[in-house]
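Since the structure comes first, as structure tokens, the remarks are kept for the end.
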Amino acid sequence: MDLKPLITLLAIVNPLAIVPFFIHYTQGFSDAQRRRTIRTAAFAAFCVIAACALLGLQILDFFNISLQSFQVGGGMLLLISAMNMLNAQPAEAKPHTHELEEGAEKAAAGSSIAVVPLTIPLLTGPATMSTVVIYADRAQTFWQHAALVGYGVVIAAATAVSFALAEPISRFLGKTGINVMTRLMGLILAALAVEVMAEGLSKLFPALGAH
């Protein structure tokens, strides 16, 4: 079984890096509201990964986009995400938009923040989606596709556990510990991004792969 897709997804999603945002958004929530938010966020993360694994290639075909071009574009997204993480930011965070502030406003108003912004874009944004589609193309058998969907279950479980233990994790690791782990994940993701881009470029321009 190829665990590289799971390692890549764990590096991108990195629920530990989202723990401070979860704590911030759920301040003032009752225990029931917090549990409902955790369940919804975990299930939504699974749905995004499963949908990309099962339908992503069909969507590319519909728009007549070659997988090679998608690999290069997806690799660039991964590299941008890695740069975010190397700066101790969540992989899918966009610091120049107002998504995080809007999430805080929604939480303050009592609205659900489980799907937006916790799941999309913080947990499973464009980089996560493109990664799943790229690995879906490499899946040759039913069981390989099933494994990819199963990795979505693992990501959902990791998200649920991280959010459920948010307070102890935050106390144990502290901001510095979470930042260090995020940067380490970012370094791994940067290497994987270069690999994905190199594969796509070598297919688009075969001369690059010639020895």
With a 4.5 Å cut-off on side-chain heavy-atom distances among I, L, V, M, F, W and Y, is there a chain of contacts connecting [X] to [Y]?
{"X": "Val154", "Y": "Ile38", "value": "yes"}
{"X": "Ile134", "Y": "Phe63", "value": "yes"}
{"X": "Val153", "Y": "Tyr151", "value": "no"}
{"X": "Val13", "Y": "Leu3", "value": "yes"}
{"X": "Met83", "Y": "Leu187", "value": "yes"}

I need the [X] [atom1] to [Y] [atom2] distance, nearest 0.5 Å.
{"X": "Met85", "Y": "Leu78", "atom1": "CE", "atom2": "CG", "result": "10.5 Å"}
{"X": "Leu57", "Y": "Phe70", "atom1": "CG", "atom2": "CZ", "result": "9.0 Å"}
{"X": "Leu204", "Y": "Ser69", "atom1": "CG", "atom2": "OG", "result": "4.5 Å"}
{"X": "Leu9", "Y": "Asn14", "atom1": "CG", "atom2": "CG", "result": "12.0 Å"}
{"X": "Cys52", "Y": "Leu148", "atom1": "SG", "atom2": "CG", "result": "9.5 Å"}
{"X": "Ser81", "Y": "Met185", "atom1": "OG", "atom2": "CE", "result": "14.0 Å"}

Looking at residues at least two apart in the chain, or sitting in another chain, which of them share a side-chain contact (heavy atoms from CB on, under 4.5 Å) with [X]?
{"X": "Met181", "value": "Leu16, Leu173"}
{"X": "Ala88", "value": "Asn179, Arg183"}
{"X": "Asp31", "value": "Arg34, Arg35"}
{"X": "Leu165", "value": "Val161, Ile169"}

Considering non-hydrogen atoms only, spot the tightest contact between [X] and [Y] and give its length.
{"X": "Ile49", "Y": "Gly152", "answer": "CG2-CA, 3.8 Å"}
{"X": "Ala136", "Y": "Ala53", "answer": "CB-O, 3.7 Å"}
{"X": "Val19", "Y": "Ser162", "answer": "CG2-O, 3.8 Å"}
{"X": "Thr124", "Y": "Met129", "answer": "O-CE, 3.6 Å"}
{"X": "Met197", "Y": "Val72", "answer": "CG-O, 3.9 Å"}
{"X": "Ala45", "Y": "Thr119", "answer": "N-CG2, 3.6 Å"}

Donor-acceptor pair, side chain of Ser30 and main chain of Gln33, under 3.5 angstrom: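 Judged by distance alone, yes, a pair lies under 3.5 Å.
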Can you list the residues that meet the side chain to side chain donor-acceptor pair (under 3.5 Å) rule with [X], with sequence neighbours excluded?
{"X": "Gln144", "answer": "none"}
{"X": "Thr159", "answer": "none"}
{"X": "Thr8", "answer": "Tyr135"}
{"X": "Thr40", "answer": "none"}

Residues in salt bridge (charged side-chain N to carboxylate O under 4.0 Å, His left out) contact with Glu195, at least two apart in sequence or another chain: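 Residues passing salt bridge (charged side-chain N to carboxylate O under 4.0 Å, His left out) with Glu195: Lys4.
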Salt bridge (charged side-chain N to carboxylate O under 4.0 Å, His left out) against Arg138, all qualifying residues, sequence neighbours excluded: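 Glu199.
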pair Leu122-Phe21: side-chain heavy atoms closer than 4.5 Å: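 Yes; the side chains approach each other to less than 4.5 Å.
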Ile155 and its side chain to side chain contact (heavy atoms under 4.5 Å, CB included) partner, picked from Leu10, Leu123, Ile12: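 Of Leu10, Leu123, Ile12, side chain to side chain contact (heavy atoms under 4.5 Å, CB included) with Ile155 is met by Leu10 alone.
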Stepwise side-chain hydrogen bond (donor to acceptor under 3.5 Å, both in side chains) test for Thr131 and Thr128: CA-CA 5 Å; Thr131 299; Thr128 304; over 6 Å; no
Nonpolar side-chain network containing Leu184, other nodes, edges under 4.5 Å: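 So far as hydrophobic clustering goes, Leu184 is joined with Val180.
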Residue list, ring pair (Phe, Tyr, Trp, His ring centres under 6.0 Å) with Phe163, at least two apart or on another chain: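 By the ring pair (Phe, Tyr, Trp, His ring centres under 6.0 Å) rule, Phe163 matches Phe22.
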